[in-house]
Amino acid sequence: MLNLLEAGFRRVEAAFNTVFTEAWNPIYQLGALAMLNYWIVAVSGIYLFVFFDTSILGAWSSVEAITREQWYLGGIMRSLHRYASDAMVVLVTLHLAREFALSRFRGPRWFSWVSGIPLLWLLFAAAIGGYWLVWDRHAQYIAVTTSEFIDALPFLGDGLARNFLSASTLSDRFFSFLVFLHIALPLFLLIGIFVHIKRLKLARIHPARGLIYGTMAMLLALSLAKPAVSMGPADLGTTPAVVDLDWFYLNLYPFMESVGMLWVWGFLGALTLMLAAVPWLFPEGREVLHSPAVVNPDNCNGCSWCFQDCPYDAITMIPHQDKPGLRQAMVDPDLCTACGICEGSCPSATPFRRVEELISGIEVPDYPLDALRRQAESAIDGLDREGLVLFGCDHALDVARLQASGVAVVSLPCSGALPPSFADFVARKDKVLGVMISGCHPADCFFRKGSQWSEERLSGERMPHLRTGAGKHKVRTSWAGPHDQRALESELETFRMELSSDGGRAEVS
Amino acid sequence: MSARTASWRRHILQILAASVVAAGLGYFSNRPAHRHLAEDQAVIKLSLRHAGQVLGECHTRTPEELADLPANMRAPMVCPRERSPLLLELRLNDALVLSEILPARGIHNDGRASVYRRLVVPVGRMNVAVRLKDHIESDVFQYESSRTVRIGPAENLVIDFNGDLGDFEFLLAGSLLPDGVPSDQGAALEDPLDDLEARDRKRQDDEEVDETPVGKRFTAAHFDDAHYPVGEEVEADGDYGEQQNLTHGRGA
């Protein structure tokens with residue numbers, strides 16, 4: 001199932017890459033886009049609250065006044081409030097589905113996965129509570145049905161729905177409570193989001209600028225073309241027979257009527273538990289290494305580059321155990337995803353060292369530096385002619401498929417796990433025309449930052465830099481998704497031709 | 001294709017994609033409409049919050065019992081706290097549509113029992129009788145009330161037990177609309193029976209209603225006195241007016 005879902009997402013991503021480019025691909029930025037919509041909802045909500053009358057008799061009229069008398073601003077704000085909320089639930093659902101499809105919930109990532117589940121409840125509660133405030137027929141239907149839904153829980157009694165028996169049983173105080181909830185729940189949601197991304201270093205909470213402008217323009221155009229409007233005022237003497245439902249949030253309401261409240265509670269409870277159990281229900285795939293990174297104090301000089309690069313905040317710096325005045329890295333095994341990015345950042349992780357067994361200051365036991373050097377040497381030896389060495393990340397394209405005459409392949413857990421000195425080490429070999437490093441697109445790295453750090457290290461923007469006597473033109477990156485095999489083959493061929501030309505050869509030699 | 005052309009083509013595709021997303025958001029944010037009630041249906045809301053009678057009698061403690069207690073707890077009289085469950089019944093045109101035992105709330109069963117039920121019923125005139133027994137072992141119902149009402153489409157008949165009055169209150173189309181709201185609903189509420197009388201007369205003229213078998217399915221017409229006289233014995237079984245459609249809300 002996961003494979004099918006992943007394949008589906010990858011195809012859609014590939015199509016979106018064509019239309020939006022990798023940097024603007026909204027599928028790569030679902031969480032950040034949801035966050036953008038959160039802020040649109042928050043800002044428009046604050047504006048609406050200024051003009052909103054917090055009373056039973058005044059609520060509907062004030063919303064009507066906002067919608068019609070100041071349609072040019074208040075009406076647009078209301079529509080933005082509605083449509084951004086709807087967009088948010090779509091984005092969040094896609095975000096969840098994609099993280100699931102791409103297996104980004106295992107190991108230490110369970111925390112982000114599980115902490116996201118209460119956010120779904122909070123999001124729905126905040127949005128559905130907001131609909132009550134309009135106090136139109138739609139709101140009345142939602143208020144009564146939601147109250148009955150909550151009252152259906154045996155331990156809560158029959159108290160809530162009694163508020164809506166008739167106009168005389170509903171008080172302004174209850175309405176004020178609803179307003180309080182509609183402000184408090186989104187704030188709790190914000191706190192929940194903070195917890196959700198707490199374990200991620202440099203979490204992406206802002207989408208690409210082009211996407212921000214595009215989203216704003218789209219929502220604005222929609223607000224002008226189809227402004228959000230109210231139904232008639234709520235009337236507790238009658239029951240709304242036909243309701244214009246917001247299907248993004250209220251899709252279960254018809255089921256509450258047809259199959260019963262307790263069944264819907266059962267369904268939601270089971271779904272919540274199942275989602276919460278996902279990290280433990282699905283066995284680990286081939287790609288996940290088990291053992292967290294370990295620090296070798298003898299080789300750790302306390303530079304803190306690994307500390308800066310770890311995308312999961314799994315590394316802290318502590319006083320060195322043997323060298324007074326120096327620091328050393330310490331890994332929290334509960335947070336470490338064994339991506340190997342720390343290994344790629346370690347200055348002692350260089351194959352040029354003259355030691356029998358190559359051990360770096362920090363490395364992943366399942367993928368030690370010494371093994372990487374042996375793999376690289378073996379790949380070079382395997383070249384049947386002068387050619388290219390391709391280092392590829394396991395989570396992007398399966399680089400083993402590109403093994404061919406004149407192309408040797410080394411597989412990595414993450415492109416960020418490759419110390420730049422390895423590219424130099426390989427590029428200096430006589431049989432090697434050039435080195436290509438491939439992996440997930442930086443906007444969609446499986447381990448979040450591997451491709452980006454790798455790119456920055458090679459271009460000299462991040463430590464450790466690529467220093468090479470072979471010439472930097474011999475090292476190139478190409479970010480390729482699982483469906484980009486042809487593109488990568490084409491890039492390899494272009495790279496080979498460039499290096500094989502006289503100019504290239506002259507520079508190399 | 002030049003880079004410029006490719007860029008324009010890409011922008012057009014982006015706008016198209018955004019338009020599709022916007023159309024989806026715009027449409028599903030309030031369409032398709034959901035029909036919550038059929039045109040010939042109305043709602044009865046039955047609500048109650050009431051404490052049953054205390055079960056058992058107070059009794060005076062014997063000197064031995066008192067001596068066994070700590071000094072600060074030697075009250076000479078001890079009264080049980082547990083309250084009886086309530087028995088609530090609702091009949092429509094003498095057909096029993098709801099009979100429910102409502103347990104007292106609280107760990108010691110000493111709180112008030114409460115209930116809220118929403119019943120979807122066909123529109124029309126009907127006799128609504130509700131009664132409450134606040135001691136489950138009592139032979140009689142302590143509280144009884146009935147009304148003949150005519151409920152129009154989508155109207156709510158609220159039956160709420162008022163503990164202070166010790167009686168059931170019937171509220172039909174009780175409405176409080178915002179000031180200055182032109183609402184045809186509001187006008188209808190002033191005299192909700194007028195239109196319905198005319199509608200019922202028309203239906204009697206138009207429809208040829210079959211003879212209603214006792215205890216069988218009901219239609220809106222069956223709630224009209226002309227076809228289903230109040231007081232006729234009805235078998236209170238699951239066939240009453242398609243029970244699954246009659247009751248919604250809790251316990252549905």
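So you know, we letter chains A, B, ... as the sequences are listed, proteins then strands, and number each from 1. Just so it is clear, the values below take in all heavy atoms, side chains as well, and ignore hydrogens, waters and symmetry mates.
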Trainee: Please rank D86(A), L245(A), T169(A) by heavy-atom pairs under 4.5 Å with chain B and give me the top one.
Mentor: L245(A)

Trainee: Count the heavy atoms of every other residue, nucleotide or ligand shown that sit under 6.0 Å from CD of E69(A), and state whether that count exceeds 12.
Mentor: no

Trainee: Distance alone, cut at 3.5 Å: any donor-acceptor contact between the side chains of N156(B) and T238(A)?
Mentor: no

Trainee: Between M231(A) and N30(B), is any pair of side-chain heavy atoms under 4.5 Å apart?
Mentor: no

Trainee: Quick one: of T21(A), L219(A), D244(A), who has the most non-hydrogen atom pairs under 4.5 Å with chain B?
Mentor: D244(A)

Trainee: Measure distances from T18(A) to the heavy atoms of chain B and classify the residue's part below 4.5 Å as side chain, backbone, both or neither.
Mentor: backbone

Trainee: Working to the nearest 0.5 angstrom, can you tell me the gap between R118(B) CZ and T239(A) OG1?
Mentor: 6.5 Å

Trainee: Are H36(B) and Y141(A) an aromatic pair by the rule of ring centers under 6.0 Å?
Mentor: yes

Trainee: Just verifying a value: how many Å separate Y116(B) OH and D151(A) CG, rounded to the nearest 0.5 Å?
Mentor: 8.5 Å

Trainee: From L13(B) CG over to F16(A) CZ, what is the distance, rounded to the nearest 0.5 angstrom?
Mentor: 11.0 Å

Trainee: Test side-chain hydrogen bond (donor to acceptor under 3.5 Å, both in side chains) on S29(B) and D246(A); report intermediate values, then the result.
Mentor: CA-CA 4 Å; S29(B) 74; D246(A) 180 337; 5.8 Å; no

Trainee: Sort L222(A) into side chain, backbone, both or neither according to what part of it lies under 4.5 angstrom from a heavy atom of chain B.
Mentor: side chain

Trainee: Heavy-atom count around F141(B) CZ within 6.0 Å, excluding the residue itself: above 12?
Mentor: yes

Trainee: Decide yes or no for H34(B) and E257(A): does some side-chain heavy atom of the first lie under 4.5 Å from some side-chain heavy atom of the second?
Mentor: yes

Trainee: For L250(A), is it the side chain, the backbone, both or neither that has a heavy atom under 4.5 Å from a heavy atom of chain B?
Mentor: neither

Trainee: If you round to the nearest 0.5 Å, how far is CG of L171(B) from CG of L165(A)?
Mentor: 9.0 Å

Trainee: Report yes if some heavy atom in the side chain of V144(A) is under 4.5 Å from a heavy atom in the side chain of K45(B); otherwise report no.
Mentor: yes

Trainee: Check A22(B) against M218(A) and note the closest heavy-atom contact, atom names and distance.
Mentor: CB-CG, 3.7 Å

Trainee: Quick check on the interface: out of P32(B), A18(B), A23(B), A17(B), who has the most heavy-atom pairs with chain A under 4.5 Å?
Mentor: P32(B)

Trainee: Is the number of heavy atoms from other residues, nucleotides or ligands within 6.0 Å of CZ (R11(A)) greater than 12?
Mentor: no

Trainee: Could you measure the distance from the CD atom of E169(B) to the OG atom of S168(A)? Nearest 0.5 Å is fine.
Mentor: 8.0 Å

Trainee: Rounded at 0.5 Å granularity, tell me how far CG in L25(B) sits from NZ in K226(A).
Mentor: 10.0 Å

Trainee: CH2 of W247(A): more than 12 outside heavy atoms within 6.0 angstrom?
Mentor: yes

Trainee: Mark yes or no for whether Q14(B), through its side chain, and V19(A), through its backbone, hold a donor-acceptor pair below 3.5 Å.
Mentor: yes

Trainee: Would you mind checking which part of W24(A) comes under 4.5 Å of any heavy atom in chain B, side chain (CB onward), backbone (N, CA, C, O), both or neither?
Mentor: side chain

